[in-house]
Protein chains: 2
Amino acid sequence: MREAILDAAEELFSANGFRAVSMREIAQASGANLGSISYHFGSKDGLLRAIYERHSGPMNRRRGELLSEAQRIRDPDDRLAAIVRAFILPSFSESEGTEGGGARFARLRAVVMAERHEEAQKIIAETFNPINHAFIDALQACLPHLPRADIVWRTHFLLGAVNYTLINPWRVTRLSNGDAKGENAEEALTQIVQAAVAAFRAPACADAPR
Amino acid sequence: MREAILDAAEELFSANGFRAVSMREIAQASGANLGSISYHFGSKDGLLRAIYERHSGPMNRRRGELLSEAQRIRDPDDRLAAIVRAFILPSFSESEGTEGGGARFARLRAVVMAERHEEAQKIIAETFNPINHAFIDALQACLPHLPRADIVWRTHFLLGAVNYTLINPWRVTRLSNGDAKGENAEEALTQIVQAAVAAFRAPACADAPR
DNA sequence: TCCGAATTTGGACGACTGTACAAATGCTAG
DNA sequence: CTAGCATTTGTACAGTCGTCCAAATTCGGA
């Protein structure tokens, strides 16, 4: 039952946000009793924490593997693209870790992050800061001329683009009159990698003419 | 009093999200009575709509001016940078329209957008689609070789980067150990323009090698 | 089979939510 | 001054919320 609750909660949170979903909705969707959720997770925050704990391990392991795989590439240009891809791939892949949906968990993180929920902010920082720094280091190695601050800014933008796409997949579809398909993970991935690599290759901000 | 309520609601919504803020908090923060809010705006959704109506006019007029100003630039490269700047400048400028805070309203939009609130989604689409298309057209004129779908994708990423920065200004500060300052609007603006211009100049995705 | 631990159940709790409305007040035009 | 409209006030309502708990149930090992 514990797993069913986690599944349902994850699905509902990722679709509607943390605050908007009630414990009773989760209970109904999972077929569990309201009290059972309290029994297993103590509180609503505890439930959220459990969701994070279920995913963060496998996800970060996966990202670590992809990163070190990418770092083995000799050519710096190819390497840069591979690192960017490794950085965001798990957020778009359907199956990951425990069960079907690294994308679902990524969408959950994006939505919860936007809600500025204190507990979540803390969990996210704890869980993702180390691996984020590893990626920044890898990018710095590809772009030795670039100040670290600029790299941080651009990874930040990259994450923002990913999150925005995950939160509103249909937006790009509607804005292009169906020409671009935002719900297509493959297309989103190639588009974002293409754009991000170019952004990383841009000259440093300090060097830019005003 | 009406104005005070709008001010307080805007501040609270932009800081904590729509659902997380109660009518009573708004009443207390604005010094108004709970019933007065219902009297002036009918409902909580009505209040949100009033906030949008207060800002969207001046903001879109401003963006339109900045856009046509940018479009007068001859050199396509300079023009591209100017258009990108015009696209996002109102989201970072402190004073705009009625009173102090285009940034506040932009943050509100970002937060509310992430909450997937139906009413808000509708208002945003109505209000911002036309001007968004105008910007896409202007970008297309700078980049005639690029498929329109790619341009839509990249403006989408641009918006995601802007929103993410507005929602979590401190993130980039913490991630760079204070080297980059996310709360500094000036710095954020130059960094994002630099990155976005490079992204727009990237070759089309269809032409990219796999 | 039976005991004890783990889990599920249904209901209750107080706190909080958005909304509605009559009564009181403020204010302006005649 | 006063009639009439605009606004504010206080309160009540019907729900929903997260949390808690005693009783009932399930289940695995001795």
With sequence neighbours left out, what residues match B/Ser36 under side chain to side chain donor-acceptor pair (under 3.5 Å)?
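Partners of B/Ser36 under the side chain to side chain donor-acceptor pair (under 3.5 Å) test: none.
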For A/Arg63, check side chain to side chain donor-acceptor pair (under 3.5 Å) against everything at least two apart and list the hits.
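Partners of A/Arg63 by the side chain to side chain donor-acceptor pair (under 3.5 Å) criterion come out as none, since no residue qualifies.
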For [X], check side chain to side chain contact (heavy atoms under 4.5 Å, CB included) against everything at least two apart and list the hits.
X        : value
A/Pro169 : A/Glu183
A/Ala185 : A/Phe92
A/Leu159 : A/Phe87, B/Tyr164, B/Arg171
A/Ala149 : B/Asp179, B/Ala180

Check the distance between [N]'s [atom2] and [X]'s [atom1] and give it to me in whole angstrom.
X       : N      : atom1 : atom2 : answer
A/Phe18 : D/dG18 : CZ    : C1'   : 10 Å
A/Phe41 : D/dG18 : CZ    : P     : 15 Å
B/Glu25 : C/dA15 : CD    : P     : 17 Å
A/Ile26 : D/dT16 : CD1   : P     : 16 Å
B/Met23 : C/dT17 : CE    : P     : 11 Å
A/Ile37 : D/dC17 : CD1   : P     : 12 Å
B/Arg24 : D/dA12 : CZ    : C1'   : 11 Å

Atom pairs, N/O to N/O, protein against nucleotides 25-28 of chain C, distance under 3.5 Å?
none

Closest to side chain of B/Lys44, choosing from D/dC20, C/dT19, D/dG18:
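Closest nucleotide among those given: C/dT19.
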Is the backbone N or O of B/Ala4 less than 3.5 Å from a side-chain atom of B/Ser30, with the two atoms forming a donor-acceptor pair by type?
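No; zero donor-acceptor contacts below 3.5 Å.
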Using atom types as modelled and distance alone, determine if a side-chain donor or acceptor of B/Arg107 lies under 3.5 Å from a backbone N or O of B/Leu166.
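No.
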May I have all residue pairs that pass side chain to side chain donor-acceptor pair (under 3.5 Å) and include part of residues 127-136 of chain A, sequence neighbours excluded?
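Output for this query lists A/Asn129-B/Arg174.
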Write out all pairs satisfying side chain to side chain donor-acceptor pair (under 3.5 Å) with one or both partners inside residues 114-125 of chain A, taking only residues at least two apart or from two chains.
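Matches after skipping sequence neighbours: A/Asp45-A/His117, A/Arg49-A/Glu119.
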Pairwise N/O distances under 3.5 Å, protein to nucleotides 6-9 of chain D:
| residue | atom | partner | partner atom | Å |
| --- | --- | --- | --- | --- |
| D/dT7 | OP2 | B/Tyr39 | OH | 2.8 |
| D/dT8 | OP2 | B/His40 | NE2 | 2.6 |
| D/dT9 | OP2 | B/Asn33 | N | 3.4 |

Output the residues of residues 111-122 of chain B in contact with DNA chain C, where contact means a heavy atom of the residue under 4.0 Å from an atom of the strand; sort by number or write none.
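Under 4.0 Å from DNA chain C: no residue of residues 111-122 of chain B.
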State which residues pass salt bridge (charged side-chain N to carboxylate O under 4.0 Å, His left out) with B/Arg154; sequence neighbours excluded, sorted by chain then number.
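Here the qualifying residues are B/Asp150.
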